[in-house]
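Heads up, the thing below is written out as structure tokens.
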Amino acid sequence: MRKWMCVATVLWGITSPAMADDRQLIEVPDQIKTIFLEEMRGHLDNLNEITLAISAGDFDNAAFVAETKMGFGHSLDVVLRSYGLPEPEIEKLVTQLSADNPGLDHMGLDQFLPTDAQALATEFHKAALNFAKVARSVELPTTAEEYQKVFTALSETIDVCSACHSTFKVE
Ligand code: HEC
């Protein structure tokens, strides 16, 4: 009996609507997908560095990580070069992108995102920069209230990570 309940639970899991992945698909060239996901994994490391810095009471370093690694970033060619893409590839991608999207005003990999994902990317960079501002404003000796402010600003940043992940996927 227990075995069948197990099977039924698994089958329900597979067929239930909760399993449907209706996130919006972002299609990008293969090289960009690899770099985009690498950048994303980097963001998890950044969050870890930030949390460690906070736990060490090093608010300046927490702010530094957010500003330098989660802010608005560099132009697309600089980002692609930092990932070691060969110059002709970079030139091809940048030319292709400018032809597809005249009037781009976004930096780095954000340029490959559709408009509504770019809006979330902007929210993310803004939230990270706000976190940096809050972290820099902490005064010593640190009070519980200061920690609360810092963690609230960090949580507001993580909220945007989650909002984007539940809305989009890349292919
Ligand atoms: C503008 C949208 C957006 C924001 C903001 C964003 N991500 Fe992502 N992230 C994505 C998308 C899209 C994927 C691919 C998901 C998929 O295809 O299932 C992804 C994938 C990832 C992955 C998996 C990487 C892999 O190798 O598969 C990690 C880890 C990740 N993001 C971490 C983060 C963290 C941490 C933050 C915030 C600090 C963040 N992301 C902010 C859009 C975003």
Side-chain angles (χ1 to χ4, degrees), residues 13-56 58-80 82-85 89 93-94 96-98 100-101 103-138 147-171:
I14 292 171
T15 52
S16 86
M19 290 295 285
D21 181 355
D22 50 10
R23 290 175 301 164
Q24 196 178 316
L25 183 64
I26 299 172
E27 286 182 82
V28 291
D30 271 354
Q31 312 96 307
I32 298 299
K33 180 182 170 186
T34 308
I35 293 177
F36 180 80
L37 292 177
E38 199 171 324
E39 186 98 337
M40 282 296 148
R41 294 192 297 278
H43 280 320
L44 198 52
D45 293 338
N46 299 338
L47 282 184
N48 196 21
E49 258 188 78
I50 287 175
T51 326
L52 269 175
I54 296 174
S55 74
D58 189 348
F59 296 96
D60 273 342
N61 195 33
F64 178 78
V65 174
E67 276 162 359
T68 54
K69 299 182 179 174
M70 293 176 156
F72 280 91
H74 305 286
S75 65
L76 182 60
D77 54 336
V78 174
V79 173
L80 298 181
S82 74
Y83 279 95
L85 231 66
E89 283 285 334
L93 285 163
V94 172
Q96 175 194 333
L97 195 68
S98 339
D100 290 350
N101 303 284
L104 281 175
D105 60 354
H106 265 249
M107 303 292 277
L109 294 178
D110 290 4
Q111 297 191 12
F112 282 95
L113 302 174
T115 318
D116 33 358
Q118 278 192 5
L120 274 173
T122 302
E123 282 309 307
F124 165 63
H125 300 310
K126 274 194 195 159
L129 293 178
N130 179 59
F131 162 79
K133 206 171 104 197
V134 172
R136 278 212 198 281
S137 73
V138 169
Y147 268 99
Q148 274 171 354
K149 271 196 322 199
V150 168
F151 276 115
T152 302
L154 185 60
S155 163
E156 283 165 5
T157 310
I158 299 174
D159 267 353
V160 192
C161 314
S162 301
C164 204
H165 295 152
S166 46
T167 316
F168 299 100
K169 58 186 167 186
V170 285
E171 188 85 31

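Whatever order the structure lists them in is the order used to number ligands and atoms, beginning at 1. All values derive from a computational prediction rather than experimental measurement. Computed from heavy atoms alone, side chains included, the values below leave out hydrogens, waters and symmetry copies.
- Looking at Asn130, Thr122, Leu129 one by one, the single match for side-chain contact (heavy atoms from CB on, under 4.5 Å) with Lys126 turns out to be Thr122.
- In terms of N/O distances under 3.5 Å, ligand 1 is not approached by Ile26.
- Atom NZ of Lys69 is separated from atom CG of Asp45 by 8.0 Å, given to the nearest 0.5 angstrom.
- Using a 3.5 Å distance cut-off with no hydrogens or angles, the side chains of Tyr83 and Glu39 do pair a donor with an acceptor.
- Residue Ala127 comes nearest to Thr157 through the heavy atom pair O-OG1, 3.3 Å, listed as atom of the first residue, atom of the second, then distance.
- In plain terms, the two heavy atoms of Leu120 and Cys164 that are nearest each other are CD1-CA, 3.8 Å.
- The aromatic rings of Phe59 and Tyr147 sit perpendicular, their planes meeting at an angle over 60°, well past the 30° parallel limit.
- Proximity of Glu38 to ligand 1, defined as any heavy-atom pair under 4.0 Å, is not found for any part of the residue.
- For atom 23 (C) of ligand 1, the protein comes within 4.0 Å by no heavy atom at all.
- Put simply, CG on Leu93 and CD on Gln111 are 11.0 Å apart, with the number rounded to the nearest 0.5 Å.
- At the shortest separation from atom 17 (O) of ligand 1 among protein heavy atoms lies Val170 N, 2.9 Å.
- Every atom of ligand 1 with a heavy atom of Ala117 under 4.0 Å away is listed here by number and element: 1 (C).
- When only non-hydrogen protein atoms are considered, atom 26 (O) of ligand 1 lies nearest to Arg41 NH1, 2.6 Å.
- Every N/O-N/O distance between Thr157 and ligand 1 stays at or above 3.5 Å.
- For ligand 1, the atoms sitting less than 4.0 Å from at least one non-hydrogen atom of Leu44 are 35 (C), numbered in the order shown with element in parentheses.
- The shortest contact between atom 38 (C) of ligand 1 and any protein heavy atom is with Cys161 SG, 2.7 Å.
- Around atom CZ of Phe64, no more than 12 heavy atoms belonging to other residues, nucleotides or ligands sit under 6.0 Å away.
- Put simply, the residue from Asp22, Ile26, Asp21 that forms a side-chain contact (heavy atoms from CB on, under 4.5 Å) with Lys169 is Asp21.
- At a 4.0 Å heavy-atom cut-off, ligand 1 does not touch Asn46 at all.
- Taking each of Glu171, His165, Gln118 in turn, the one with a heavy atom nearest to atom 40 (N) of ligand 1 proves to be His165.
- At a 3.5 angstrom cut-off on N or O pairs, Lys169 does not count as close to ligand 1.
- Here the CG atom belonging to Asn46 is positioned 10.0 Å from the OG1 atom belonging to Thr51, to the nearest 0.5 angstrom.
- The protein non-hydrogen atom at the shortest distance from atom 11 (C) of ligand 1 is Phe36 CE2, 3.6 Å.
- Residue Arg23 has at least one N or O atom closer than 3.5 Å to an N or O atom of ligand 1.
- The protein heavy-atom contact nearest to atom 27 (O) of ligand 1 is Leu37 CD2, 3.9 Å.
- Interface of Leu47 with ligand 1, defined as ligand atoms under 4.0 Å from a residue heavy atom, comprises 35 (C).
- Closest heavy-atom contact between Arg23 and Ser166: CG-O, 3.3 Å.
- In summary, the atoms of ligand 1 found under 4.0 Å from a heavy atom of Ala121, numbered by their order in the structure, are 1 (C).
- Close approach of ligand 1 to Cys164 (heavy-atom distance below 4.0 Å) involves ligand atoms 1 (C), 2 (C), 3 (C), 4 (C), 5 (C), 42 (C), 43 (C).
- Here the heavy atom of the protein found nearest to atom 21 (C) of ligand 1 is Met40 CB, 3.4 Å.
- Residue contacts with ligand 1 for Met70 involve side-chain atoms from C-beta outward but no N, CA, C or O (heavy atoms, distance under 4.0 Å).
- The backbone N or O of Thr167 sits nowhere less than 3.5 Å from a side-chain atom of Gln24 that would complete a donor-acceptor pair.
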